[in-house]
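Reckoned from all heavy atoms, side chains included, excluding hydrogens, waters and symmetry mates.
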Amino acid sequence: MSEPTPPAVDPAPAPEPAPAAPPSAKREVRSWLRVILLALLAALLLRAFAFEAYRIPSSSMEGTLLVGDFLFVSKLHYGPRTPITLGLPFTDYHLADVRLPWTRLPGFTEVRRGDVVVFNFPPEAGPVDRKEHFVKRVVGLPGDTVRVVAKRVRVNGAALPVPPEAHQLWRVRLAADTLAVARVLPEAAVRGRPSHEEPVWLVEASAAGAAAMRAREGVAAVEPYRRPPGDGSAAFPPGGAYTLDDYGPVVVPAHGLTVRLDDATWPTYRDAIVRYEGVPARRVAGGFEVAGALTDHYTFRQDYLFVMGDNRDDSADSRTWGFVPMSHLVGKAVLVYFSWDAGRGAPRWGRVLRWVE
């Protein structure tokens, strides 16, 4: 006889897993700190080696760049500089006595004539990377001969095209009706002031603005304003007879270029030799002493640029303070990402995300 089958017994239910312990406050703080530090590190690396933002503070590049334009400047084009000083990021504080050995990393293009560049202002005292930032257009490359004849820039004998939105001063001769001023200047969207010649106004405008003024009723003539010789508006080299409108010729220093030192060239190249190349040089009874040796020539150790503002009659540039050493070059202005019109208290939406040309 078979034995009876025991009744089925339900297995004991498996214990439910214990709920995961919530992360501690310390662990959450550490996680956020790690995210913030990584973001700051990425921002620092991008700012140091790729792109940096700048704001246009003056009218020296009008109308290509306007006061209140915010720029992205590419350091990748010409190659970023490694840091020259140590300082607190995003501030002007730095360790005054610390100078780092620096170099320029490879870029993907050379500086070209016509590029709009940002650089540290050469004549300013202090470490190179702590000097004020300027923005200008390159008109002369290393080794070029630059000259301005009746306001037209010539490089190696050839005339450079004028940037289409560049501004300059014009002599606007009005008709006898003085009310023409009210009709002409505001509608042309230009700035003007009376000259000592009545009824002539000096007006800052682009070539297109000048053409618009010529077509206005009450305007007798519009012609470029040209400074008289010896007006002292150009200070480089000191004691020279150049003006902003009739300047040069000057040869832009280049790495390996040897120049003769004499009474004519010494004022032009003295700052480049002594200040930017750090070579002790002075005029002595027998001629010139360079690095302790009597000589009548000098060979440059780095390249330089000759730069000008697009607002040619309202720009402090190489005509007034000299050459830009390559060591001072920061990068290429590539994009206006925002623009603010302080006069109207409103953005200039038409300039947002506009390429710099």
Sidechain N-carboxylate O distance under 4.0 Å for [X], [Y]:
X: R354; Y: D69; answer: no
X: R226; Y: D245; answer: no
X: R147; Y: D246; answer: no

Report the relative orientation of the aromatic rings in [X] and [Y]; use parallel for angles under 30°, tilted for 30 to 60°, perpendicular for over 60°.
X: F121; Y: F134; value: parallel
X: H77; Y: F108; value: tilted
X: F323; Y: Y304; value: perpendicular

Nearest atoms (heavy-atom pairs only) where [X] meets [Y]:
X: L261; Y: W266; value: CD2-CE3, 4.4 Å
X: R81; Y: S327; value: NH1-O, 2.9 Å
X: A207; Y: W170; value: CA-CZ2, 3.9 Å
X: R154; Y: A159; value: NH1-CB, 3.9 Å
X: P142; Y: M326; value: CG-CE, 4.4 Å
X: T82; Y: P101; value: OG1-O, 4.3 Å

Whether the side chain of [X] engages the backbone of [Y] through a donor-acceptor N/O pair (distance < 3.5 Å, no angle test) should be reported.
X: R104; Y: L329; result: yes
X: D303; Y: A254; result: no
X: R319; Y: R312; result: yes

inquiry  = Show, in sequence, the C-alpha distance, side-chain angles and deciding distance for E277 and Y298, and conclude whether the side-chain hydrogen bond (donor to acceptor under 3.5 Å, both in side chains) test is met.
reply    = CA-CA 11 Å; E277 308 223 336; Y298 179 79; 2.5 Å; yes
query = Which residue, D263, D262, T268, forms the side chain to side chain donor-acceptor pair (under 3.5 Å) with T265?
reply = D262
request  = Give me the one residue out of K136, H167, Q168, R137 that meets side chain to side chain donor-acceptor pair (under 3.5 Å) with S315.
outcome  = K136
Is it true that atom [atom1] of [X] has more than 12 heavy atoms of other residues, nucleotides or ligands lying nearer than 6.0 Å?
X: E110; atom1: CD; value: no
X: R282; atom1: CZ; value: no
X: E124; atom1: CD; value: yes

query = Going through the checks in order, is the side-chain hydrogen bond (donor to acceptor under 3.5 Å, both in side chains) test met by D314 and S59?
reply = CA-CA 7 Å; D314 190 18; S59 62; 3.1 Å; yes
message = side-chain contact (heavy atoms from CB on, under 4.5 Å), that's the test. Do L335 and L71 meet it? Break it down for me.
response = CA-CA 6 Å; L335 180 72; L71 299 178; over 6 Å; no
message = Evaluate E132 against N120 for side-chain hydrogen bond (donor to acceptor under 3.5 Å, both in side chains), listing each step before the verdict.
response = CA-CA 5 Å; E132 184 180 358; N120 298 106; over 6 Å; no
message = Using the ring-ring contact (aromatic ring centres under 6.0 Å, His included) definition, which of the options F51, W355, Y54, F72 pairs with Y337?
response = F72
